[in-house]
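Structure record follows, encoded as structure tokens.
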Amino acid sequence: MSSNFYQTIDVNKSSMDIEKEIRKYWKENKIIEDILNKDRNLKRYTFLEGPPTANGRPHVGHLMTRTVKDTVMRYKYMSGYDIGRRTGGWDCHGLPVELEAEKHFGFNTKKEIEDFGIEKFNEYCRNSVFTYIDEWNEVDSEIGYWIDENKSYVTLRNDYMESEWYALKKLFDENMLVKDYKIVPYCPRCGTSLSSHEVAQGYKNTDDISVYVKFRVKGSMNRYLIAWTTTPWTLPSNELLVVNKDFDYSLVSDGNNEYYVLSSTVQSLFKDAKVLKTMKGKDLVGTRYEQLMPFLHVGSNALQVVPGDFVTAEDGTGIVHAAPAFGADDFDIAKEYNVSLINPVDSEGKFDNSVPWKDKFVMDVNPDIIGYLKENNLLFKSQKIKHTYPFCYRCGTKLLYYPLDAWFIKVSTIRELLKKNNDKVNWYPEYLKDGRFGNFLNDAKDWALSRNRYWGTPLPIWKCSNGHYLAVGSREDIEKHGGNIPDDLHRPFIDAVKLKCPECSETMEREPYVIDTWFDSGSASYAAMHYPFNKNFDTEGIPVDFITEAIDQTRGWFYTLHVISSLLFGRNAYKNVMSMSFILDENGQKMSKSKGNFVTARDFISMYGADPARLFFYTGAPWNSKSIDKKLIGDTARKVFGTLSNVYSFFASNANLDGFVFQDLEPSSNLLDRWLLSRLNSTIENTRKNMDEFDMHIALRNIMDLINDFSNYYLRLSRKRFWEGKLDDEKKRAYETLYYTLINILKLLAPLAPFYTDYMYQKLSGPEKTIHSEKYPEPDNNYIDSDLEKEFKYAISIMELSRRARQESNIKGRQVVGNIMLYSDMELNPAILDIISPELNSMDIKFIPFGERPVKTTVKPVFSKVAPVLRGDTNKFAEYLNSENIYSELKKTGKITYKGNEFTPDFFEIHEDPSPEYAFASDEKTGISVFINKNIDNNLLLAGYAREIIRRIQIMRKDLNLEYSRNIKTEINVSGDIRKSIEKFMDLIKNETLSKSIEFSSSTDGKTWDIDGENVQISITPVN
RNA sequence: GGGGUUGUAGCUUAGCUUGGUUGGAGCACCCGGCUGAUAACCGGGAGGUCACCGGUUCAAAUCCGGUCAGCCCCA
């Protein structure tokens, strides 16, 4: 009894159409809301979103990170966890926003901003932050990234900043947040210092000029110390020269002048120079020299040679020019020798009026400096160099190292704690833990936290005129100290708040800094929950279970999360962290707006569809670089979705014809069923392990292997079972196995490809329930039969070898052959051999012992050994060995006698070749050999034709959509061998096609087939 | 300069942790095909100095050392 229970589908329906339909289904049935909001009272698995800067557009790399986040959360949800903190997050502060505002207003300097007004400037910043928020939300919806966007944390909110203030006060009270005057990396355009991990993101290869400079020894007319530098502009500020006291130095003469240089550099610096004497660096210490440029007043301790271990032999002359205002090492050594800083450079990076280059940007003055040196006979030589140098990673300006007051978090004091906490984190891939990230922790530097800018979380430190400091840890603290709480904690409102000094009652003003925006995002674990002010949240949920972002966050967000959590709570911020590589363009190049190969997330989805995109991200390990590959995206999607749709279509059309509706999986004794269910459960076991270890790319591979076996072996070998007449138990088992496997494959795949799997799930189960509420499959070990899987692997190998042998001997697959002989090390279950026998298409199939293999064993001489014995008779001997029974004689007697000479087996090579009458293929790995008898006698030929006739009639039955038990009357118009074939195999053809009668006719009705060049006309008519 | 990582067929890759069998796969290329699911499919083939040089071992893609090249990080 037929039915229409299972809907027919269009197997070529595009992924994008399917996705559109499923988004509509999710929306109309409130699927996403239900899953996000339902508390199932299960164990929690917490996630933490890494906040993108909200004012940038989502690109394809974001698609990949969002896909992975979504996959992990779906998998954990289906595996029986409630997902905690399944929300978004937005990073709202910092230079990315300010630069956009500057561009909008046409500003280039801080002065322009301050003249314009910080309030108006920040108002624009606040309003522009969410320029692309709608695009982000649309992209999330399109890719199927399920997060509660209404609960997203936003770093510009007062609550978020208040939590940060709590943290900063705590650090201040613990003397971990301190003010210091140091040489810091500094951007003269942005007018602010940067932290070490910000500097790290801005290194570029660049060309520069370097100079070798002559410092005249005091009291001499022509004796010089030569120093090398890549920053000529710092020469006016020279105060010391530094040598390594353990190195060898030489005094050389070029005829006119004498020079001190590192001994190992003499030959490269001088062509013809006489070494006057050699000494250790320590012998140079104390030497005084004339000031290079007489513009700045220096102290009495300056202008001398001092020792320093940081001096190396690799570059320059072994004599280092020190300008303490512009280098950290220089700064330290100046302190050691009581040398005061002299700094002619203002905060915009321009010289002041103490040097001849007033108001000029220092980097632009290098040519003038070199000109001055030449004019004054102080330049030994100059040369261009290529080196890496730090640039502002936001605006692109070359950084200076510059003396500045700044607030620091003394991170260097907790390096051991950082490393100890890192030990508790699972890194994917693992080598990041002790490699890139571990090294970063080893060298952790004090965090230069404060920024001389406008749009950011204000540093909550107030100062009075007596130099007292107060850290404010909450809005309430402001009132407590005599201030009014502003509605908005940002500048300039917070700047207007005056407090009363608790120590001396003087008026206190806030220090004019905002903080590093990385502190914002690094505080997400607690500040997103308004801790400690939100009494509904405590820190038990820290560390969170899982975070992931791109590889650059190793020195960004992953680092700041780790540091802040260690500082505040003494422990790691996250348990599992996965780092993902970048998506490259089709040519393997990094993508950027400046290169013009930038691909937005929206464009990518429009081109390929969400599920194909998602699967593409799993075609390799997410932490390996991947190039966009249009072909691979399409192929992978078709392999998975096309094949599953086709299997479903087969199932649905047959089940409907039989009136089958799935109830439950009953135990099947059929070997094919048992094999498939074993494969399914093995795959479930492996896939769960893969997903637990964040190897979703390996999970996809395992699932794809199963789909292939399912379609090309199980279904192919099972088809006839679905065409048997009655829906008996045997047939039901087949339907049940097919259904059960299909629906479980969809569940395995659901976290990876959520749209397609929900679409197919509805076809199988109805629209009442989404697949994403289903449990992730668990393996049932009762179904796993490794021996049976191994046996089927052998059987598949036999099929493949049989095809290969036919292919090589030009025997078509449809041609029945007389016999096939198989040799194998392993015994194969005859029942399985019976299963695959239709594929082998042979009258007779049997296993044979080793000795019966139809191989011709021949004996050939080892010429290098035989020739010395037989000389001219060697070729005759080789012909003699072609005689029959030579191999038998050698085996029997252990020797061959020829012309009075006895030859033992070591004179021969034994060759085995298949007998010419057999097509042959073998696989050494499995030990299987297949021999196909090539002889096609007339009977086999006719049998082959009979199969062709049967096939044609079956196709015609299919076209008429006949039930499989329906009888027909068949009329055929044909002559010659094909007619003889029908006459000979009449009964077989009748039985196979349910033809009550087969008549030869001269009628022109029906369909004309071409069978081996012969026209065959067949007409079929249903009869009762 | 230091640290990490990568190098396998034309391209993309599995295998390396735990040494042992002809080194697997997809795509491209060549060849075949409607055997009553599937032709954007199915089937078969060819193609590999496992970057190079040494070492250890009965045996090395796999372990060790050096060199070369790419990428990332520190500076």
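Protein chains get the first letters and strands the later ones, always in sequence-line order, with residue 1 at the start of each. Only heavy atoms go into these numbers, but all of them, side chains included; no hydrogens, no water, no symmetry mates.
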Partner residues of Tyr740(A) under the ring-ring contact (aromatic ring centres under 6.0 Å, His included) criterion, sequence neighbours left out: none

ring-ring contact (aromatic ring centres under 6.0 Å, His included) partners for Phe792(A), two or more places apart: Trp675(A)

Contact check, side chains of Asn670(A) and Arg721(A), non-hydrogen atoms, under 4.5 Å: yes

Atom NE2 of His697(A) and atom P of rA25(B) are separated, to the nearest Å, by 19 Å

Distance between P atoms of rG20(B) and rU62(B) (Å, rounded): 11 Å

Using the P atom on both, measure rG19(B) against rC64(B) and round to a whole Å. 11 Å

So that I know where these two stand, are Tyr401(A) and Phe326(A) an aromatic pair - ring centroids less than 6.0 Å apart? no

Can you tell me, in whole Å, how much space there is between the C1' of rC71(B) and that of rU56(B)? 31 Å

What protein N or O atoms touch nucleotides 39-44 of chain B N or O atoms at under 3.5 angstrom, if any, and at what distances?
unit_1  : atom_1 : unit_2    : atom_2 : d
rA40(B) : O3'    : Arg638(A) : NE     : 3.4
rA40(B) : O2'    : Arg638(A) : NE     : 2.9
rA40(B) : N3     : Arg638(A) : NH1    : 3.3
rG43(B) : O3'    : Arg803(A) : NH1    : 3.4
rG43(B) : N2     : Gln807(A) : NE2    : 3.1

Strictly below 4.0 Å: does Lys445(A) bring a side-chain N or O up to OP1 or OP2 of rA75(B)? yes

5'-most by nearest nucleotide on RNA chain B - Asn841(A) or Ile698(A): Ile698(A)

Would you say the rings of Tyr608(A) and Phe616(A) are close, in the sense that their centroids are separated by under 6.0 Å? no

Donor-acceptor pairs under 3.5 Å, side chain of residues 692-701 of chain A to any protein atom, not counting sequence neighbours: which ones?
unit_1    : atom_1 : unit_2   : atom_2 : d
Asp692(A) : OD1    : Tyr75(A) : OH     : 2.8

Got a minute to check which stems RNA chain B is part of, using Watson-Crick or G-U wobble pairs under 3.5 Å, three or more consecutive? B:1-7 with B:68-74, B:10-13 with B:24-27, B:29-33 with B:41-45, B:51-55 with B:63-67

Using the test ring-ring contact (aromatic ring centres under 6.0 Å, His included), find all partners of Trp1009(A) that sit at least two apart in sequence or belong to another chain. none

Take the protein atom OH of Tyr618(A) and the nucleotide atom C1' of rU12(B), then report the distance between them rounded to whole Å. 19 Å

Closest-nucleotide ordering on RNA chain B, the 5'-leading residue of Pro838(A) and Lys631(A): Lys631(A)

So what does Thr554(A) hit on the nucleic acid, given a heavy-atom distance under 4.0 Å: a base, only sugar-phosphate, or nothing? nothing

Between rU6(B) and rU17(B), how far apart are the P atoms? Round to whole Å, please. 13 Å

Rounding to the closest angstrom, what is the interatomic distance between rG43(B) and rA28(B) at atom P? 14 Å

Under the side-chain hydrogen bond (donor to acceptor under 3.5 Å, both in side chains) test, which residues partner Tyr186(A), sequence neighbours left out? none

Report the relative orientation of the aromatic rings in Phe710(A) and Tyr714(A); use parallel for angles under 30°, tilted for 30 to 60°, perpendicular for over 60°. tilted

Leu715(A) CG to rA37(B) C1', straight-line distance once rounded to whole Å: 5 Å

I need the CG-C1' distance between Leu432(A) and rC72(B), as an integer number of Å. 10 Å

Please measure how far the P atom in rG48(B) lies from the corresponding atom in rC11(B), and state the result in whole Å. 13 Å

C1'-based separation of rA51(B) from rC68(B) [nearest Å]: 8 Å

Could you pull out all donor-acceptor pairs under 3.5 Å where a side-chain atom in residues 637-653 of chain A meets a protein atom, sequence neighbours excluded?
unit_1    : atom_1 : unit_2    : atom_2 : d
Arg638(A) : NH2    : Asp635(A) : OD1    : 2.5
Thr643(A) : OG1    : Lys639(A) : O      : 2.7
Ser645(A) : OG     : Phe641(A) : O      : 3.0
Ser645(A) : OG     : Tyr756(A) : OH     : 2.8
Tyr648(A) : OH     : Gln7(A)   : N      : 3.3
Tyr648(A) : OH     : Gln7(A)   : O      : 2.6
Ser653(A) : OG     : Ser649(A) : O      : 3.1
Ser653(A) : OG     : Phe650(A) : O      : 3.2

Expressed as a whole number of angstroms, how long is the span from Leu441(A):CG to rC74(B):P? 13 Å

Same-atom distance (P) from rU57(B) to rU12(B), integer angstrom: 38 Å

Hey, does the side-chain of Ser711(A) have a donor or acceptor N/O within less than 3.5 Å of a partner on the base of rA37(B)? yes

Mind calculating the distance between CZ (Phe641(A)) and C1' (rA37(B)) to the nearest angstrom? 20 Å

What is the separation between atom CZ on Phe558(A) and atom P on rC72(B), rounded to the nearest whole Å? 18 Å

Using a 4.0 Å heavy-atom cut-off across all strands, classify Lys433(A) as base, sugar-phosphate, or nothing. nothing

Under the ring-ring contact (aromatic ring centres under 6.0 Å, His included) test, residues paired with Phe662(A) that sit two or more places apart: Tyr739(A)

Nearest whole Å is fine: how far is rG33(B) P from Glu839(A) CD? 17 Å

